[in-house]
Amino acid sequence: MARRDPTVPTQPQSPAQLLVFAEPLQRDGLLVWLAAGDGAWKPVTAPEQLEGAPQLVIWSLSAQPEPAALAAELQQLQERWQPAPVLLLLPQAHRYPTSVLLQLPLQGLLDQPDAAGLRLAVSTLLGGGRVVELGAAATAERGQDAVAALGLGQWLLISGLQQIDAETRVCRRLLDPPPEAWLAELLLLGRLRELAAARQLLLWLWGPLGLAWSGSTDGREQPPPPAARGVTITLRQRSADGLWQALRERLNQSATAPALPDHGQLLALDGLHPDRRRDLLLALLEQFEQLRQRLQHDGVGGETLLQRWQDLQPELRRQALRHMAGSYVQLPWQGDLRPVAAILMASSELTLLDGDLPDPVPMLGTLIQARPLLVEGRLLAPDEPQALLYLELLLSNWLVRSAELISAEVLAACADWPELRRYLLRPELLATRNLERLRNQLNARQRWSSWFERPIQVYESRRPLYRLEHGAIQTVDLLEPRDQELRQLGWLQQAVTLALESRDALAPQLRSLVRGLGNLLVMLLTQVVGRAIGLIGRGILQGMGRSVGRS
């Protein structure tokens with residue numbers, strides 16, 4: 001290979017051309033921001049100033065057209081300046097919901113950007129990536145639209161829960177620090193128990209099935225609902241490795257914050273110390289990356305990929321447990337120092353398969369080979385924002401469910417090893433009574449879910465998924481066919497689905513019967529009893545008139 005002559009000067013690389021569409025005042029501000037790009041960019045404001053094709057098209061939206069018109073304009077920009085990516089800058093207080101913005105045909109989307117964010121987005125798009133940054137306003141607007149469509153029962157449920165939570169926070173503020181008068185403290189604690197019972201009653205009356213178990217009666221403070229947050233996606237490469245890097249950065253941020261289970265749905269994970277909980281989630285994420293690289297190197301797919309995934313799950317959980325417990329940590333047990341990780345791995349049963357996990361093949365196929373993903377009936381490219389958010393949901397669901405399974409084994413080991421509780425569990429579970437109460441609640445929860453909740457979810461084609469976010473773990477229902485799982489249910493679970501089917505079949509006839517009985521009762525009261533009472537009253541009045549006439 002011939003070497004370049006160092007005496008011959010190299011041609012300087014021409015700056016990337018940025019075509020900017022904006023109002024005059026906004027355009028001047030954008031040009032000032034883009035001018036700080038160290039000469040690597042050349043922003044132009046008119047197509048006549050271009051020298052060839054632009055490398056990036058920036059459109060600062062001033063007016064707010066209808067979503068269909070906005071999508072059509074963006075499509076025309078894509079076709080006119082193809083293959084240059086398009087970056088859309090949203091104005092302040094726009095009225096577009098997040099679901100509409102994520103479906104727009106563009107590569108970059110910024111909500112009220114600053115100078116640094118704009119320059120970073122331009123660099124990412126010129127490198128072939130994607131950038132989506134939406135503030136909390138769009139997300140909150142979508143939530144308001146959903147609340148506006150609620151029925152009377154759901155509105156009563158939400159408003160009642162909000163009032164109960166507000167009064168609960170007031171009582172807890174009065175208890176921190178506790179009042180000097182013991183009678184006032186007893187009254188406040190009694191009021192907290194009343195509010196917890198009222199919450200359970202509301203969930204039992206109008207809440208969906210399973211939320212009646214969600215109230216916590218152990219006196220611990222429930223985590224506040226997460227505030228409305230926007231969507232921030234930075235995809236530097238559109239390959240499978242780029243997808244994984246973007247997902248790992250997002251999940252690392254979510255797992256680093258102490259993730260609290262939402263409303264007691266995950267009892268075993270709730271029992272771990274916040275530091276151990278964070279270590280477990282990060283260890284599972286690290287083990288998933290190694291597993292992905294291993295499957296990517298093997299090049300398997302289809303049924304072989306599914307079987308390979310299931311075979312490697314026990315080893316993945318064991319390594320995550322080892323990392324969480326510490327490979328060199330030793331604690332006293334019966335007078336001797338014992339290695340914590342080795343004993344936990346030997347006493348834990350980590351080969352069980354989670355039947356509530358969705359099919360992992362679509363997720364693995366996208367993360368390994370960058371295959372398209374089916375999201376809400378639409379086949380999307382893996383670099384689309386909706387596909388990336390769906391991948392994050394699937395991955396966080398696997399992450400949380402695997403952590404819950406490992407946490408259950410840790411609780412069982414801590415029951416036999418008291419010195420282990422101080423290291424792995426939260427301080428409230430140092431007492432044997434509290435630990436056994438949590439284990440009993442966990443067992444009851446598993447039986448109730450296996451016997452009643454899961455058959456109903458399978459029959460209704462709902463699959464609960466756990467979404468890992470900052471400070472909370474939320475539950476999202478995914479609608480998908482589960483007919484094969486329905487045929488595999490036991491006799492008790494089949495009886496539950498048969499009861500639901502009978503209720504659906506008999507409900508119209510019962511409503512018609514009740515409506516007919518009501519109409520019959522109304523006719524009897526108005527036509528028969530009412531007329532009879534009227535005739536009797538008329539006779540009495542006539543008799544009283546004759547008596548008055550004689551007198």
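We're numbering straight along the sequence, starting at 1. Since the model is a prediction, treat every value here as computed from it, not as a measurement.
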Seminar exercise, completed: Arg308 meets the side chain to side chain donor-acceptor pair (under 3.5 Å) criterion, sequence neighbours left out, with Asp298
For this session: Enter the distance from Leu126:CG to Gln55:CD here, rounded to the nearest 0.5 Å.
Result: 7.5 Å
Problem set entry | Passing candidate, side chain to side chain contact (heavy atoms under 4.5 Å, CB included) with Leu89, options Val20, Leu118, Leu61 | Leu118
Exercise. Can you list every pair that meets salt bridge (Lys or Arg N to Asp or Glu O under 4.0 Å) and has a residue in residues 309-334, with sequence neighbours left out?
Worked result: Glu315-Arg318
Problem set entry | Donor-acceptor pair, side chain of Gln296 and main chain of Ile368, under 3.5 angstrom | yes
Problem set entry | Flag if over 12 foreign heavy atoms under 6.0 Å of CD, Glu480 | yes
Exercise. Does one side chain, of Gln107 or Gln78, offer a donor that lies under 3.5 Å from an acceptor on the other?
Worked result: yes
Problem set entry | With sequence neighbours excluded, residues passing side chain to side chain donor-acceptor pair (under 3.5 Å) with Glu384 | Arg130
Exercise. Tell me, do His323 and Leu284 make a side-chain contact under 4.5 Å, heavy atoms counted?
Worked result: no
For this session: Scan for ring-ring contact (aromatic ring centres under 6.0 Å, His included) pairs involving residues 363-396, sequence neighbours excluded, and state none if there are none.
Result: none
For this session: Check for a donor-acceptor pair, side chain of Arg277 on one end and backbone N or O of Leu269 on the other, with a separation under 3.5 Å.
Result: yes
Problem set entry | Basic-acidic side-chain contact under 4.0 Å: Glu453, Arg445 | yes
For this session: Kindly write out the residues that satisfy salt bridge (Lys or Arg N to Asp or Glu O under 4.0 Å) with Glu286, not counting sequence neighbours, or none if the list is empty.
Result: Arg248
Exercise. In Å, rounded to the nearest 0.5 Å, how long is the span from CG of Leu295 to CG of Leu291?
Worked result: 4.5 Å
Exercise. So, do Leu102 and Leu134 sit near enough that their side-chain heavy atoms are less than 4.5 Å apart?
Worked result: yes
Problem set entry | side chain to side chain donor-acceptor pair (under 3.5 Å) partners of Gln369, counting only residues at least two apart | Arg371
Problem set entry | Side-chain touch Asn434/Arg437, heavy atoms, less than 4.5 angstrom | yes
Problem set entry | Counterpart residues, salt bridge (Lys or Arg N to Asp or Glu O under 4.0 Å), relative to Glu349 (two or more places apart) | none
Seminar exercise, completed: When rounded to the nearest 0.5 Å, the distance separating CD of Glu376 from CG of Leu478 is 9.0 Å
Problem set entry | Listed partners of Arg482 passing salt bridge (Lys or Arg N to Asp or Glu O under 4.0 Å), at least two apart | Asp356, Glu485
Problem set entry | salt bridge (Lys or Arg N to Asp or Glu O under 4.0 Å) involving Asp275 - partner list, sequence neighbours excluded | Arg278
Exercise. Between Arg276 and Leu425, is there a donor-acceptor pair closer than 3.5 Å when you use the side chain of the first and the backbone of the second?
Worked result: no
Problem set entry | Counterpart residues, side chain to side chain donor-acceptor pair (under 3.5 Å), relative to Gln82 (two or more places apart) | none
Exercise. Are Leu350 and Met345 close enough that some pair of their side-chain heavy atoms sits under 4.5 Å apart?
Worked result: no
Exercise. Got more than 12 heavy atoms from elsewhere within 6.0 Å of CD, Gln484?
Worked result: no
Seminar exercise, completed: The reported gap from CG in Leu393 to CG in Leu388 (rounded to nearest 0.5 angstrom) is 11.5 Å
Exercise. So do the side chains of Leu88 and Leu101 get within less than 4.5 Å of each other, counting heavy atoms only?
Worked result: no
Exercise. Below 4.5 Å, heavy atoms only, C-beta onward: do Leu70 and Val100 meet side chain to side chain?
Worked result: no
For this session: Side-chain contact test, heavy atoms from C-beta onward, threshold under 4.5 Å: evaluate it for Leu331 versus Arg422 and give yes or no.
Result: no
For this session: Determine which pairs satisfy ring-ring contact (aromatic ring centres under 6.0 Å, His included) with at least one residue from residues 356-377, sequence neighbours left out, and list them in order.
Result: none
Exercise. Should the heavy atoms of other residues, nucleotides or ligands under 6.0 Å from CZ of Arg236 be counted, would the total exceed 12?
Worked result: no
Exercise. Okay, side chain of Arg401, backbone of Asp354: is any donor-acceptor separation there less than 3.5 Å?
Worked result: no
For this session: Check ring-ring contact (aromatic ring centres under 6.0 Å, His included) between Trp59 and all other residues, then give those that pass, not counting sequence neighbours.
Result: none
For this session: Mind checking the CG-CZ spacing from Leu344 to Arg338? Nearest 0.5 Å is all I need.
Result: 13.0 Å
Exercise. Ion pair present between Glu436 and Arg439, side-chain N to carboxylate O less than 4.0 angstrom?
Worked result: yes
Problem set entry | Side-chain heavy-atom pair Arg462, Ile456 within 4.5 angstrom cut-off | yes
Seminar exercise, completed: In this structure, CG of Leu243 is separated from CG of Asp383 (nearest 0.5 Å) by 7.0 Å
Exercise. Should the pair Trp81 and Phe21 be assigned to parallel (<30°), tilted (30 to 60°) or perpendicular (>60°) ring geometry?
Worked result: tilted
Problem set entry | Between Phe288 and Trp244, ring centroids under 6.0 Å | yes
